[in-house]
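Contents: one structure, followed by commentary.
This one's a predicted model, so the numbers in the text were calculated from it and none came from an experiment. By convention in this document, chain letters (A, B, ...) are assigned in the order of the sequence lines, proteins followed by strands, and residues within each chain are numbered from 1.
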Amino acid sequence: MTPAKLADAVLAAAHALFAERGLDPTALPESTAVERPRNPEHGDYASTLALQLAKKSGVPPRDLAAGLADQLGRTPGIKSVEIAGPGFLNIRLDAAAAGQLARVVVQAGKEYGHSERLAGQKINLEFVSANPTGPVHIGGVRWAALGDALARLLRAVGAEVGTEYYVNDAGTQIDRFAQSLLAASRGEPTPEDGYAGAYIAEIAEGITRDHPDADLATFRSVGVERMLAEIESSLTGFGVHFDLYFRESDLHSRGELDHALTRLREQGHVFEADGAIWLRTTDFGDDKDRVLRKSDGEWTYFAADCAYYLDKRERAFERVVMMLGADHHGYIGRMRAMVSCFGDDPDTHLEIMIGQMVNLVRDGVPVRMSKRAGTVVTLEDVVEAIGVDAARYALARYSADSPIDIDVELWTRSTRDNPVYYVQYVAARTASVARNAAEVGLSRGDADSFRPELLDHEKENELLKALGEYPSVVATAAELREPHRIARYLEDLSGNYHRFYDNCRILPKGDEPIGDLHRTRLWLNDATRTVIANGLDLLGVSAPERM
RNA sequence: GCGCUCGUAGCUCAGCGGAUAGAGCAGCUGCCUUCUAAGCAGUUGGUCGCAGGUUCGAAUCCUGCCGGGCGCACCA
């Protein structure tokens with residue numbers, strides 16, 4: 001019996017009860033859920049349905065709870081139902097019904113935890129989008145970890161996801177980048193407002209080698225391509241693949257800014273003043289109107305944002321998700337207003353996620369500079385310091401709302417206090433048990449030797465409940481755009497596995513003959529490995545066979 | 001000044017309106033002759049920033065205040 005099926009049973013009981021008492025069935029929700037109470041005295045699962053229905057039905061909650069308990073008590077697999085407090089239903093399952101889950105999980109394999117909850121939704125996810133004027137810095141690394149995890153999560157719940165990296169290859173920052181390369185190639189000092197760092201000299205040198213007569217235009221075009229190739233390669237090494245690297249220059253060359261301007265004009269929110277073309281974003285709550293085309297005829301960055309948004313919408317994405325650093329949160333107001341100016345609804349078509357700052361900390365002091373980039377800490381620096389797995393886990397483990405310090409010493413430690421090791425250790429332990437089982441001739445066996453009623457130890461029950469919770473954790477994490485929930489869940493699951501391991505011997509001791517308990521526990525071991533591996537995969541972290 | 005965000009144990013943080021608010025670290029104390037001790041068990045530690053409101057029920061939702069961070073360009 002999975003929690004989802006139990007929840008269905010609770011709802012079915014409510015329907016039966018309402019019919020029996022002649023109550024209005026429209027008061028019943030379409031679906032309900034059961035909780036995994038922390039306090040074991042509150043049963044294996046708890047439902048608050050009676051509390052929720054009391055007001056709507058006009059029946060006292062404890063009275064409703066009693067009726068529900070009566071109905072539920074007749075459901076196979078349910079051992080007992082108690083009413084507690086104001087009207088909680090505390091439900092206990094038979095060991096056999098609870099234990100079935102081990103088999104459900106193993107048989108579902110990689111699919112366990114997946115659902116169709118967001119099926120049919122087409123979501124565009126844009127993240128990182130660091131300017132191609134230098135390596136990806138640490139803030140972008142957080143988005144790489146979080147954005148990629150979110151893409152995996154959304155796909156796991158059935159959404160159609162397109163991931164994109166917006167390449168700002170058309171603005172004046174690119175001019176400065178080109179001039180910095182040119183200066184470096186001539187051995188001249190970095191121009192004012194230019195880019196410094198060893199990488200500039202390296203790229204300049206490479207371009208000069210391949211294009212001896214390179215002029216500013218060459219440094220510009222080739223420089224951007226090489227920088228972008230480097231960025232893409234470092235992201236690939238980080239396990240992050242983008243479906244599309246979208247170039248701002250394409251918006252210009254395809255005339256998409258004019259197209260967007262036309263559309264905005266049609267909607268009636270464009271005006272001219274002081275020789276510039278403006279979008280009246282104040283119509284939709286922005287604190288000031290925004291320039292689309294400057295008086296000198298140049299498009300603004302904001303105009304390109306408008307065109308890019310329109311482009312995504314015209315590619316049939318119904319939801320446009322963008323991830324920005326906290327220093328860009330001022331964009332939210334104008335972006336939402338812009339969406340409204342197009343006639344869209346910012347609450348349904350746009351979603352802007354804001355992430356707080358990240359520091360790499362060594363010996364209690366923030367690391368400030370990269371060996372290669374000079375002024376910032378880069379993706380390579382983070383990977384070199386703690387490795388891809390730890391970096392991805394550390395960056396995905398915290399809510400994007402909270403600023404984080406990544407302590408190099410902590411995240412490279414091989415102890416309990418390093419969360420990624422704690423979780424990966426379970427992956428290794430479960431794999432080790434499976435290997436040892438195979439060596440002594442123990443296998444999960446067939447359906448006859450899977451005897452879930454034998455899984456009646458407290459720690460087995462706790463582990464089963466944790467495993468059963470996984471699908472709803474995935475669904476919630478996807479809906480709330482909070483990958484950190486996966487990490488926290490995996491840590492909880494890991495604790496449950498270790499306690500099971502400590503209390504319940506899986507393999508036969510010495511000459512002990514192999515029995516159904518050994519086989520059944522092996523199912524539980526393998527179910528745990530499945531969920532740990534699936535969860536880590538959502539975060540882009542490996543599930544090692546050995547450590 | 002306006003806006004966004006955060007404020008939970010000594011520290012770092014979980015907690016999508018539910019029961020006695022949880023975990024790791026730090027402190028103290030135990031557990032390895034058979035599956036990985038990179039583990040487990042016990043113990044100490046809280047006016048959930050403050051004040052109101054909504055609710056059967058608030059750390060969670062709303063309002064105000066206090067404190068920290070960030071942002072308010074015809075920059076990109």
Checklist line | Approximate separation, where rounding is to 0.5 Å, of A:Tyr308 OH and A:Glu248 CD | finding: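 The distance works out to 11.0 Å.
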Can you tell me which nucleotide in [options] comes closest to the side chain of [X]?
{"X": "A:Arg429", "options": "B:G39, B:C35, B:C74", "result": "B:G39"}
{"X": "A:Asp502", "options": "B:C70, B:G39, B:C74", "result": "B:G39"}
{"X": "A:Gln356", "options": "B:U5, B:C74, B:G24", "result": "B:U5"}
{"X": "A:Glu41", "options": "B:C74, B:U20, B:C4", "result": "B:U20"}
{"X": "A:Pro86", "options": "B:C16, B:A14, B:G18", "result": "B:G18"}
{"X": "A:Ala276", "options": "B:G39, B:C74, B:C16", "result": "B:C74"}
{"X": "A:Met547", "options": "B:U20, B:C70, B:A38", "result": "B:A38"}
{"X": "A:Arg488", "options": "B:A19, B:C13, B:C74", "result": "B:C13"}
{"X": "A:Lys294", "options": "B:C75, B:U55, B:A38", "result": "B:C75"}
{"X": "A:Tyr398", "options": "B:G39, B:U12, B:U34", "result": "B:U12"}

N/O (side chain, [X]) to phosphate O (OP1/OP2, [N]) under 4.0 Å:
{"X": "A:Arg435", "N": "B:C35", "value": "no"}
{"X": "A:Tyr422", "N": "B:C40", "value": "yes"}
{"X": "A:Arg485", "N": "B:C16", "value": "yes"}
{"X": "A:His328", "N": "B:C72", "value": "no"}
{"X": "A:Lys288", "N": "B:A73", "value": "yes"}
{"X": "A:Ser402", "N": "B:G69", "value": "no"}

Note to self: Could you write out RNA chain B as dot-bracket? Rules: Watson-Crick or G-U wobble, both distances under 3.5 Å, brackets [ ] for crossings, | for pairs with another strand, dot for unpaired.
What the structure shows: (((((((..((((....[...)))).(((((.......))))).....(((((..]....))))))))))))....
Is NZ or CZ of [X] both nearer than 6.0 Å to the six-membered ring centre of [Y] and within 45° of the ring axis?
{"X": "A:Arg488", "Y": "A:Tyr398", "answer": "yes"}
{"X": "A:Arg413", "Y": "A:Tyr421", "answer": "no"}
{"X": "A:Arg280", "Y": "A:Phe271", "answer": "yes"}

Whole angstrom value for the distance that separates [atom2] of [N] from [atom1] of [X]:
{"X": "A:Glu482", "N": "B:A14", "atom1": "CD", "atom2": "P", "result": "9 Å"}
{"X": "A:Ile406", "N": "B:G24", "atom1": "CD1", "atom2": "P", "result": "22 Å"}
{"X": "A:Ile332", "N": "B:U5", "atom1": "CD1", "atom2": "P", "result": "7 Å"}
{"X": "A:Met353", "N": "B:C70", "atom1": "CE", "atom2": "C1'", "result": "18 Å"}
{"X": "A:Asp286", "N": "B:C2", "atom1": "CG", "atom2": "C1'", "result": "12 Å"}
{"X": "A:Leu51", "N": "B:A19", "atom1": "CG", "atom2": "C1'", "result": "10 Å"}
{"X": "A:Tyr501", "N": "B:C32", "atom1": "OH", "atom2": "P", "result": "15 Å"}
{"X": "A:Arg336", "N": "B:C72", "atom1": "CZ", "atom2": "P", "result": "20 Å"}

Using atom [atom1] of each nucleotide, how far apart are [N] and [M] to the nearest Å?
{"N": "B:U20", "M": "B:C2", "atom1": "C1'", "answer": "43 Å"}
{"N": "B:G45", "M": "B:C65", "atom1": "C1'", "answer": "30 Å"}
{"N": "B:G53", "M": "B:C16", "atom1": "P", "answer": "26 Å"}
{"N": "B:A19", "M": "B:C61", "atom1": "P", "answer": "15 Å"}
{"N": "B:A51", "M": "B:U8", "atom1": "P", "answer": "16 Å"}
{"N": "B:C11", "M": "B:C35", "atom1": "C1'", "answer": "36 Å"}
{"N": "B:U54", "M": "B:U44", "atom1": "P", "answer": "38 Å"}
{"N": "B:G39", "M": "B:U47", "atom1": "C1'", "answer": "37 Å"}

Notebook entry, point to check: Ring-on-base stacking between A:His484 and B:A14, under 5.5 Å between centres and under 30° between planes: is it there?
Noted result: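 So A:His484 does not count as stacking on the base.
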Note to self: With the stacking rule set at 5.5 Å and 30°, tell me whether A:Phe88 counts as stacking on B:G18.
What the structure shows: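 A stacking contact does not exist, since A:Phe88 is not both close and nearly parallel to the base ring of B:G18.
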Base, sugar-phosphate, or nothing for [X], non-hydrogen atoms under 4.0 angstrom?
{"X": "A:Pro61", "result": "nothing"}
{"X": "A:Thr415", "result": "sugar-phosphate"}
{"X": "A:Asp407", "result": "nothing"}
{"X": "A:Asn168", "result": "nothing"}

Margin query: Here's a test of your reading of the structure: between A:Ala428 and A:Thr172, which maps to the more 5' nucleotide of RNA chain B?
Written below: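 Checking each residue's closest nucleotide, the 5'-ward one belongs to A:Ala428.
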Note to self: Pick the closest RNA chain B nucleotide for A:His329 and for A:Arg293 by heavy atoms, then say which residue is nearer the 5' end.
What the structure shows: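 On the 5' side of the pair lies A:His329.
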Item checked: Exam field: side chain A:Arg435 to backbone A:Glu545, donor-acceptor pair closer than 3.5 Å ->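 Side chain of A:Arg435 to backbone of A:Glu545, a donor-acceptor pair under 3.5 Å: yes, one is there.
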Check: Do any N or O atoms from the side chain of A:Asp389 and from the backbone of A:Val541 form a donor-acceptor pair under 3.5 angstrom?
Finding: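 No: the side chain of A:Asp389 does not pair with the backbone of A:Val541.
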Cut-off 3.5 Å, side chains only: do [X] and [Y] have a donor facing an acceptor?
{"X": "A:Tyr301", "Y": "A:Asn168", "result": "yes"}
{"X": "A:Glu409", "Y": "A:Thr412", "result": "no"}
{"X": "A:Asn525", "Y": "A:Tyr497", "result": "yes"}
{"X": "A:His518", "Y": "A:Glu512", "result": "yes"}

Check: Side chains of A:Asn461 and A:Lys465: does their closest heavy-atom pair fall under 4.5 Å?
Finding: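 Side-chain contact under 4.5 Å: yes.
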Next item on the list: Please examine the side chains of A:Met322 and A:Met335, heavy atoms only from C-beta on, and report whether any two atoms are closer than 4.5 Å.
Entry: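 Yes. Closest side-chain heavy atoms under 4.5 Å.
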Item checked: Criterion side chain to side chain contact (heavy atoms under 4.5 Å, CB included) against A:Val423, the qualifying member of A:Leu490, A:Asn418, A:Leu539 ->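 It is A:Leu490; the other options fail the test.
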What about [X], does its side chain sit under 3.5 Å from the base of [N] through a donor-acceptor pair?
{"X": "A:Ser432", "N": "B:C35", "result": "no"}
{"X": "A:Thr300", "N": "B:C74", "result": "no"}
{"X": "A:Asp417", "N": "B:A26", "result": "no"}

Next item on the list: Taking all heavy atoms of A:Leu324 and all of A:Trp143, pick out the closest pair and write down the distance.
Entry: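 Shortest heavy-atom separation between A:Leu324 and A:Trp143 comes out as O-CZ2, 3.0 Å.
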Margin query: Please classify the glycosidic conformation of B:C32 as syn (within 90° of 0) or anti (everything else).
Written below: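 Classified syn.
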Look for any protein N or O under 3.5 Å of an N or O in nucleotides 27-30 of chain B and output each such pair with its distance, or none.
none

